[in-house]
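Input: a single structure, listed below in structure tokens.
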Amino acid sequence: TLKTKRNDNFIYSRKDIDPSNLLVEEIVFRVMNTFLTTYSLRHMYWPELRNLKTSCRVFEKLIERKLPVLADHFDHHDLRVGLFALGWFQTLFLYLPSMPSATVCHMWDIWLVERSFKILFRVGTAILFLSQPILLNHDLEGMMTYLNTFPDSTLLRPDILIPCALRIKITNRMLIEIEKEVILENEIAHGLR
């Protein structure tokens, strides 16, 4: 006979799930559910990725404020921040294969404690700050290659990247103000205002 169990929001059968892995699968489900609800990751995956794209635009404006020379260089070469930042933010920096797991874990610890995406913006800005000398010497193709591979991943080490990120002044209030600005610009561009 096939036995079926109900557990919170899903139904599983013993035929589909090995009972020895049941606890692990329940834990993974609950962790993912918590990330999507309590830690607001759900909005990163909504249709058309609108909120994820908004986060990339917020990041672009942060770069304009914090790294104006680099922002001008990006603009000169028609490099849109979303081309690389979309992957960074959507995967919480797991997109970068050269990012050490210790760095990701430290960044995620901060994110989980603060319950704010502020650390993601700080880390992204720190990566660009530390990479600025290299990026300023490349064209569009060279910058994209660098930002997607990080051939010298020394700057991604937790003892270098995290302290640098924490020194960058980005507040939740600043992020909210920039997000409002981005949303307003988007509404005007689409004739909604």
Side-chain angles (χ1 to χ4, degrees), residues 41 43-104 106-108 111 117-170 174-192:
L41 272 186
H43 77 276
M44 291 294 206
Y45 307 100
W46 281 350
E48 300 173 18
L49 304 175
R50 266 178 277 164
N51 290 353
L52 181 60
K53 291 175 184 175
T54 298
S55 293
C56 289
R57 286 285 296 130
V58 168
F59 185 51
E60 188 171 348
K61 291 198 172 286
L62 275 172
I63 295 167
E64 290 169 4
R65 292 181 183 187
K66 300 291 183 181
L67 304 169
V69 174
L70 186 59
D72 286 344
H73 187 68
F74 284 173
D75 191 48
H76 176 74
H77 290 284
D78 293 321
L79 175 60
R80 298 292 155 244
V81 171
L83 291 174
F84 60 88
L86 192 79
W88 291 3
F89 291 135
Q90 188 174 36
T91 64
L92 305 176
F93 288 90
L94 289 174
Y95 176 76
L96 296 174
S98 52
M99 177 82 80
S101 59
T103 304
V104 172
H106 195 145
M107 176 179 41
W108 283 23
W111 169 61
F117 287 110
K118 178 174 59 176
I119 188 63
L120 304 179
F121 290 105
R122 283 177 155 175
V123 166
T125 305
I127 288 171
L128 295 178
F129 172 77
L130 294 168
S131 302
Q132 194 168 222
I134 295 165
L135 294 171
L136 291 173
N137 288 306
H138 285 290
D139 62 3
L140 176 64
E141 186 179 334
M143 288 187 287
M144 284 305 297
T145 300
Y146 181 82
L147 291 167
N148 285 309
T149 61
F150 288 94
D152 176 16
S153 61
T154 305
L155 66 95
L156 300 176
R157 288 184 10 211
D159 60 319
I160 295 172
L161 184 59
I162 299 298
C164 180
L166 295 175
R167 282 193 299 273
I168 296 171
K169 184 166 174 64
I170 295 174
M174 179 189 303
L175 292 174
I176 290 168
E177 288 172 5
I178 294 172
E179 183 175 357
K180 286 179 183 177
E181 181 183 326
V182 166
I183 291 170
L184 179 63
E185 287 174 2
N186 193 39
E187 288 174 351
I188 291 170
H190 290 91
L192 301 172

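The chain is numbered in sequence order, starting from 1.
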Taking every non-hydrogen atom, the tightest pair across Leu79 and Leu147: CD2-CD1, 4.3 Å

How many angstroms lie between atom CZ of Arg122 and atom CD1 of Ile168, to the nearest 0.5 angstrom? 8.0 Å

Show every side-chain hydrogen bond (donor to acceptor under 3.5 Å, both in side chains) that has at least one partner inside residues 148-161, sequence neighbours left out. Tyr95-Asn148, Asp152-Thr154, Arg157-Asp159

Spell out, as yes or no, whether a donor-acceptor pair under 3.5 Å connects the side chain of His106 to the backbone of Ile162. no

Report the residues that fulfil side-chain hydrogen bond (donor to acceptor under 3.5 Å, both in side chains) with Glu60, sequence neighbours left out, ordered by chain and then residue number. Arg57

The test is side-chain contact (heavy atoms from CB on, under 4.5 Å); show your working for Met174 and Ile178 and say whether it passes. CA-CA 6 Å; Met174 179 189 303; Ile178 294 172; 3.9 Å; yes

Scanning both residues in full, the closest heavy-atom pair of Leu155 with Ser131 reads CD2-OG, 3.6 Å

Sorted by chain and number, sequence neighbours left out, side-chain hydrogen bond (donor to acceptor under 3.5 Å, both in side chains) with Arg50 holds for none

Give, for atom CZ of Phe74 and atom CE of Met143, the distance between the pair rounded to the nearest 0.5 Å. 6.0 Å

Check against salt bridge (charged side-chain N to carboxylate O under 4.0 Å, His left out), Arg65 and Glu177: CA-CA 13 Å; Arg65 292 181 183 187; Glu177 288 172 5; 5.3 Å; no

Separation of Gln90 CD from Ser55 OG (nearest 0.5 Å): 11.0 Å

First locate atom CG of Leu96, then atom CG of Leu156, and finally report the distance between them rounded to the nearest 0.5 Å. 6.5 Å

State which residues pass salt bridge (charged side-chain N to carboxylate O under 4.0 Å, His left out) with Lys66; sequence neighbours excluded, sorted by chain then number. none

Beyond-backbone contact of Thr125 with Phe59, side-chain heavy atoms, under 4.5 angstrom: yes

So, applying side-chain contact (heavy atoms from CB on, under 4.5 Å) with Leu86, which one of Val81, Thr91, Leu52 is it? Leu52

Show every ring-ring contact (aromatic ring centres under 6.0 Å, His included) that has at least one partner inside residues 124-148, sequence neighbours left out. Tyr146-Phe150

Rounded to the nearest 0.5 Å, how far apart are CG of Leu166 and NZ of Lys118? 9.5 Å

Any chance you could lay out the side-chain contact (heavy atoms from CB on, under 4.5 Å) test for Val58 and Phe89, step after step, and finish with the verdict? CA-CA 12 Å; Val58 168; Phe89 291 135; over 6 Å; no

What verdict does the side-chain contact (heavy atoms from CB on, under 4.5 Å) test give for Leu67 and Leu62, after you've listed the backbone C-alpha separation in whole Å, the side-chain angles of each residue and the deciding distance to 0.1 Å? CA-CA 8 Å; Leu67 304 169; Leu62 275 172; over 6 Å; no

Look up atom CD in Gln132 and atom NE2 in His73, then write down how far apart they are to the nearest 0.5 Å. 9.5 Å

Residues that Glu187 engages under side-chain hydrogen bond (donor to acceptor under 3.5 Å, both in side chains), provided they are two or more places apart: Arg193

In terms of ring plane angle, is the pair Trp88 and Phe93 parallel, tilted or perpendicular, where the classes change at 30° and 60°? tilted

Run the side-chain contact (heavy atoms from CB on, under 4.5 Å) test on Thr103 and Ile160 for me, step by step, so that the C-alpha distance in whole Å, both residues' side-chain angles and the decisive distance to 0.1 Å come before the verdict. CA-CA 9 Å; Thr103 304; Ile160 295 172; over 6 Å; no

Short question: side chain of Trp108, backbone of Leu92 - any donor-acceptor pair under 3.5 Å? yes

Do Phe84 and Leu128 come close enough that some side-chain heavy atom pair is under 4.5 Å? yes

What closest approach, in Å, do Cys56 and Ala85 show between heavy atoms, and which atom pair accounts for it? SG-C, 3.8 Å

